[in-house]
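For reference, the structure is listed below as structure tokens.
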Protein chains: 2
Amino acid sequence: MSNCEQCIVRQFNSLKSLTKDELIRISGCKTSKTIKKGQLIFDEGENVNGVYCIREGICKLTKLSANGRDQIVKLVVKGDLMGQRSLVSEEVTNLSATALSEMEVCFIPKHEIMKDLQGNSNFSLDVLQHMAKDLREADNVIVNMAQKSVRQRLAEALLYIHRTFGTTDEGMLRVILSREDYANIVGTATESIIRILSQFKKDDLITTKGKQIKIEDLEALGRIE
Amino acid sequence: MSNCEQCIVRQFNSLKSLTKDELIRISGCKTSKTIKKGQLIFDEGENVNGVYCIREGICKLTKLSANGRDQIVKLVVKGDLMGQRSLVSEEVTNLSATALSEMEVCFIPKHEIMKDLQGNSNFSLDVLQHMAKDLREADNVIVNMAQKSVRQRLAEALLYIHRTFGTTDEGMLRVILSREDYANIVGTATESIIRILSQFKKDDLITTKGKQIKIEDLEALGRIE
DNA sequence: TTTAAAATATGATATTTGTCATAGTTTAAG
DNA sequence: CTTAAACTATGACAAATATCATATTTTAAA
């Protein structure tokens with residue numbers, strides 16, 4: 001039986017601000033789940049009723065647009081918490097979460113976390129700090145979406161994934177996304193992504209092997225206009 | 001000398017969760033300022049070192065894009081707080097604030113607010129809730145930017161301003177923005193805004209009088225494709 | 001392994017949006 | 001009230017991106 005107190009993952013998120021006693025309580029009420037690749041974790045409009053702590057794997061947070069396309073708003077990985085926003089705002093979630101790889105998560109029920117948010121100001125300040133950081137990142141995304149070309153946004157998405165999630169031994173991006181997923185990050189048509197990736201290949205900025213992508217020239221990709 | 005305890009504006013923001021004693025303390029350390037239309041309140045990269053409570057007027061929060069254009073990320077009005085994010089994250093602000101009308105604001109120094117964030121969990125939860133709401137709105141903006149046409153985004157910007165800030169007696173939008181400001185909300189060229197507004201006029205969706213805009217057909221504007 | 005389904009690739013073309021040029025209008029300073 | 005500066009307006013054209021069609025490759029199921 002896993003134990004929050006000794007869980008390494010906790011170091012990377014706000015749960016590190018909980019006291020020993022609080023962690024023991026959380027440990028007792030949490031449930032662990034394995035989630036398969038492609039599986040929906042929660043859907044837009046649902047009551048999430050708690051917080052997920054990601055022990056292993058990667059998932060995408062998406063929002064359905066009026067035109068029927070999904071927009072990927074954030075990628076969530078090992079160490080991250082998920083679900084705090086709707087927890088705090090007491091509303092149904094505005095995002096869907098879908099696993100992009102096999103995942104291990106722990107689910108902590110709402111009222112247990114709320115106890116700590118109300119009683120432990122270190123913890124609530126830590127959550128507040130993470131949310132302020134998310135908001136800052138969201139500002140950057142808004143500016144990029146509004147002001148940059150599809151080409152630039154794709155280059156940045158690749159660099160972001162490289163920087164944030166790293167590469168395998170062969171230098172391939174560790175996060176493997178379909179062209180459609182990239183389209184849903186960048187906000188464009190799948191064909192446009194395919195076209196631009198082909199161009200990047202011709203320009204020796206990247207190489208691909210099936211769905212896997214390897215960035216060959218980080219600097220040049222950063223200079224894309 | 002104005003007094004936070006009796007200030008009506010407080011009802012609209014997180015300061016309503018402060019106790020009587022805390023309000024009296026805040027009242028004693030705050031400074032009131034008048035800000036002229038067009039004046040910069042703080043600039044991207046500055047240390048804000050406190051929180052602004054807007055007593056009167058409207059301002060825009062902008063972020064400079066790599067291509068040299070400003071992006072308007074949020075409009076802040078009477079009743080709103082401004083500066084919480086950088087306060088909490090202990091970083092310089094990522095946004096600039098510029099008055100769009102004559103403004104009355106109160107400035108509360110950082111360490112006074114931090115005391116309350118640490119000591120009053122009702123207050124910190126309230127701030128947290130507001131930030132979660134901002135984040136949810138940011139998600140919507142990202143999806144709109146990514147998936148909708150310039151035309152649709154402009155229609156939505158007009159509707160948003162109508163809904164959020166209301167109209168004058170003559171039915172004109174109360175917030176008066178230049179075409180360039182609209183371009184910086186929507187993320188497009190100023191000429192595109194001018195063109196689309198002209199089209200909206202031809203289609204009897206709006207009328208204009210100088211910079212003032214009046215929405216004539218709310219429903220049709222909402223149906224813009 | 002075979003085969004159907006899904007994903008990727010690419011061409012042709014339409015649509016949207018950006019850029020540059022220039023003219024008219026409004027606003028605010030003197 | 002006058003006038004320069006700022007803003008709004010519109011045309012012509014270029015560039016970026018979307019859409020539709022179709023071929024090829026990859027993936028995963030039988």
Side-chain angles (χ1 to χ4, degrees), chain A residues 36-39 65-71 100-102 144-158 172-173 176-203 206-214 224-225, chain B residues 36-39 65-71 98 100-102 144-155 157-158 172-173 176-203 206-214 224-225:
Chain A
K36 291 208 192 79
K37 181 176 169 179
Q39 193 181 327
S65 157
N67 66 12
R69 288 193 74 102
D70 270 326
Q71 176 68 32
L100 290 172
S101 68
E102 170 110 355
N144 285 343
M145 286 293 177
Q147 309 267 2
K148 297 191 177 169
S149 68
V150 169
R151 194 181 177 69
Q152 280 176 303
R153 282 184 266 153
L154 178 55
E156 292 197 5
L158 290 171
M172 298 292 185
L173 294 183
I176 296 176
L177 299 176
S178 67
R179 305 294 194 255
E180 190 181 2
D181 280 331
Y182 278 106
N184 292 344
I185 290 176
V186 167
T188 189
T190 307
E191 294 96 321
S192 295
I193 293 294
I194 291 171
R195 259 180 246 283
I196 296 171
L197 283 179
S198 295
Q199 192 60 52
F200 284 175
K201 276 191 268 184
K202 272 185 198 147
D203 297 344
I206 64 169
T207 50
T208 64
K209 189 180 164 190
K211 287 170 114 91
Q212 296 185 85
I213 296 176
K214 181 177 179 180
I224 287 288
E225 294 274 307
Chain B
K36 291 207 193 81
K37 182 177 169 178
Q39 194 181 325
S65 156
N67 66 12
R69 286 192 75 103
D70 270 326
Q71 177 67 32
T98 310
L100 289 173
S101 68
E102 170 110 355
N144 285 343
M145 287 293 177
Q147 310 267 0
K148 297 190 177 170
S149 68
V150 170
R151 193 180 178 71
Q152 280 176 305
R153 284 184 265 154
L154 178 56
L158 291 171
M172 298 293 186
L173 294 183
I176 297 177
L177 299 175
S178 66
R179 305 294 193 254
E180 190 181 2
D181 281 331
Y182 278 106
N184 292 345
I185 290 175
V186 166
T188 189
T190 305
E191 294 95 324
S192 295
I193 293 294
I194 291 172
R195 257 180 250 282
I196 297 171
L197 284 180
S198 295
Q199 193 60 51
F200 284 175
K201 277 192 267 184
K202 272 184 200 149
D203 297 345
I206 63 169
T207 49
T208 63
K209 190 179 163 189
K211 287 170 113 90
Q212 295 185 85
I213 296 176
K214 181 177 179 181
I224 286 289
E225 292 274 307

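Every chain is numbered from 1 and lettered A, B, ... according to where its sequence line falls, protein lines coming before strand lines. Side-chain atoms are counted along with the backbone in the values below, which use heavy atoms only and exclude waters and symmetry mates.
Atom CD of Glu180(B) is separated from atom P of dA5(D) by 18 Å (rounded to the nearest Å). Rounding to whole angstrom units, CD of residue Gln152(B) and C1' of dT16(C) are separated by 12 Å. Nucleotide dT8(D) holds its P atom 11 Å from the OH atom of Tyr182(B), rounded to whole Å. Taking atom CD1 of Ile194(B) as the reference point, atom C1' of dA21(C) lies 14 Å away to the nearest angstrom. Nucleotide dT8(D) holds its P atom 9 Å from the CD1 atom of Ile213(B), rounded to whole Å. As a whole-Å value, the separation of Met145(B) CE from dT17(C) C1' is 15 Å. The distance between atom CD1 of Ile196(A) and atom C1' of dG11(C), rounded to the nearest whole Å, is 16 Å. Rounded to whole angstrom, the span from the CD atom of Glu225(B) across to the C1' atom of dT16(C) amounts to 15 Å.
Picking from dT17(C), dT10(D), dA18(D) the nucleotide with the shortest atom distance to the side chain of Ser149(B) gives dT17(C). Listed nucleotides dA12(D), dT8(D), dC20(D) differ in distance to Arg195(B); the shortest reach to its side chain belongs to dA12(D). Listed nucleotides dA18(D), dC20(C), dG11(C) differ in distance to Glu191(B); the shortest reach to its side chain belongs to dC20(C). Listed nucleotides: dT10(D), dA18(D), dT8(C). Nearest to the side chain of Lys211(A): dT8(C).
When each of Arg151(B) and Leu197(A) is assigned the nucleotide of DNA chain C bearing its nearest heavy atom, the one mapping closer to the 5' terminus is Leu197(A). Toward the 5' end of DNA chain D, the nearer of the two residues Arg69(A) and Lys209(A), judged by each one's closest nucleotide, is Arg69(A).
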List the steps and the verdict of side-chain contact (heavy atoms from CB on, under 4.5 Å) for Ile213(B) and Leu158(B).
CA-CA 9 Å; Ile213(B) 296 176; Leu158(B) 291 171; 4.1 Å; yes
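Interatomic distance, Ile224(B) CD1 to Lys148(B) NZ, rounded to the nearest 0.5 Å: 12.0 Å.
OP1 and OP2 of dC7(D) both lie 4.0 Å or more from every side-chain N or O belonging to Thr190(B). The phosphate of dA6(C) (OP1 or OP2) has no side-chain N or O of Ser178(A) nearer than 4.0 angstrom. Checking the phosphate oxygens (OP1, OP2) of dG18(C), a side-chain nitrogen or oxygen of Ser192(B) falls inside 4.0 Å. OP1 or OP2 of dA9(C) lies within a sub-4.0 Å distance of a side-chain N or O belonging to Arg179(A).
Dense packing is recorded around NZ of Lys201(B), with more than 12 heavy atoms of other residues, nucleotides or ligands lying under 6.0 Å away. Environment of CD in Gln152(B): crowded, with over 12 heavy atoms of neighbouring residues, nucleotides or ligands closer than 6.0 Å.
Lys201(B) comes within 4.0 angstrom of sugar-phosphate atoms only, judged by non-hydrogen atoms across all strands, and of no base.
Side-chain atoms of Arg69(B) come within 3.5 Å of backbone N or O of Thr188(B) as a donor-acceptor pair.
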